[in-house]
Amino acid sequence: MAFTLFYDGLCPLCEKEMTHLIKRDKDKNIIFEDISLPDFPQRYPKLCLQELNARIHGQLDDGTMITGLDVTHKAWMLYLINIITHRRTT
């Protein structure tokens, strides 16, 4: 159940939320991709940096791109599922 979340590491608000999520993504259900890294365009040549900078994007397992609040919702739902799963096993 991998989900790729594209975020701007130069944006203080984005960086703060991603740091929070990264710490809590213990099962590594989310792949965090910082679009501000120099090698990002080479690793994702089909994605448009202007579009990614304008709005948060995520990519589902099947390749479908989602944007905006759908991305935030997906990431936090994966976090909540992680909490529920770990509570059941402890």
Side-chain angles (χ1 to χ4, degrees):
M1 183 185 341
F3 171 65
T4 305
L5 195 156
F6 301 99
Y7 71 98
D8 183 356
L10 298 177
C11 165
L13 178 63
C14 302
E15 183 64 28
K16 185 171 179 114
E17 183 173 2
M18 294 311 118
T19 299
H20 188 76
L21 276 171
I22 289 167
K23 286 180 185 175
R24 287 153 180 81
D25 185 31
K26 299 196 186 314
D27 290 341
K28 306 295 183 213
N29 291 319
I30 304 171
I31 300 165
F32 295 90
E33 289 290 350
D34 183 349
I35 66 171
S36 70
L37 294 177
D39 68 337
F40 181 83
Q42 287 77 36
R43 292 186 296 115
Y44 292 94
K46 294 183 179 183
L47 299 182
C48 174
L49 277 175
Q50 289 175 321
E51 289 178 15
L52 294 171
N53 268 317
R55 190 173 198 185
I56 192 168
H57 284 66
Q59 188 172 33
L60 304 175
D61 282 344
D62 67 1
T64 302
M65 295 294 287
I66 59 175
T67 63
L69 288 176
D70 290 337
V71 176
T72 304
H73 179 263
K74 176 72 174 176
W76 284 102
M77 287 305 295
L78 287 171
Y79 165 64
L80 291 174
I81 289 167
N82 188 8
I83 289 174
I84 291 166
T85 301
H86 285 283
R87 283 190 181 160
R88 286 184 182 164
T89 59
T90 58

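Since the structure is predicted, the reported quantities are computational estimates derived from the model, not experimental observations. Note that these values count all heavy atoms, side chains included, but never hydrogens, waters or copies made by symmetry.
Trp76 and Tyr79 have perpendicular rings, their planes meeting at more than 60° on a 0 to 90° scale where under 30° would count as parallel.
Linking ILVMFWY residues whenever their side-chain heavy atoms come closer than 4.5 Å, directly or via other members, places Phe32 and Leu80 in the same cluster. Leu10 and Leu21 are members of different hydrophobic clusters when ILVMFWY side chains are connected at heavy-atom separations under 4.5 Å.
Counting heavy atoms from C-beta on, the side chains of Phe3 and Ile66 come closer than 4.5 Å. Within the 4.5 Å cutoff, side-chain heavy atoms of Asp34 are placed close to those of Tyr7.
Put simply, CG on Asp70 and CE on Met77 are 12.5 Å apart, with the number rounded to the nearest 0.5 Å. In this structure, Ile30 CD1 and Leu78 CG are separated by 5.0 Å, a value rounded to the nearest 0.5 Å. Atoms NZ and CG, on Lys74 and Leu69 in that order, are 15.5 Å from each other to the nearest 0.5 Å.
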Residue pair Val71, Phe6: steps toward the side chain to side chain contact (heavy atoms under 4.5 Å, CB included) verdict: CA-CA 9 Å; Val71 176; Phe6 301 99; over 6 Å; no
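Under the 3.5 Å distance criterion, the side-chain polar atoms of Asp27 are left unmatched by any main-chain donor or acceptor of Asn29.
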Side chains of residues 48-60: which donor-acceptor pairs under 3.5 Å do they make with residues two or more places apart or in other chains?
residue : atom : partner : partner atom : Å
Asn53   : ND2  : Leu49   : O            : 3.4
His57   : ND1  : Arg55   : O            : 2.6
Gln59   : NE2  : Gly63   : O            : 3.3

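Across every non-hydrogen atom of Ser36 and Gly9, the tightest pair is OG-N, 3.7 Å. In terms of heavy-atom proximity, Leu5 sits nearest to Ala75 at CD1-CB, 3.7 Å.
In this view, Glu33 and Arg43 satisfy the salt bridge (Lys or Arg N to Asp or Glu O under 4.0 Å) rule, not counting sequence neighbours.
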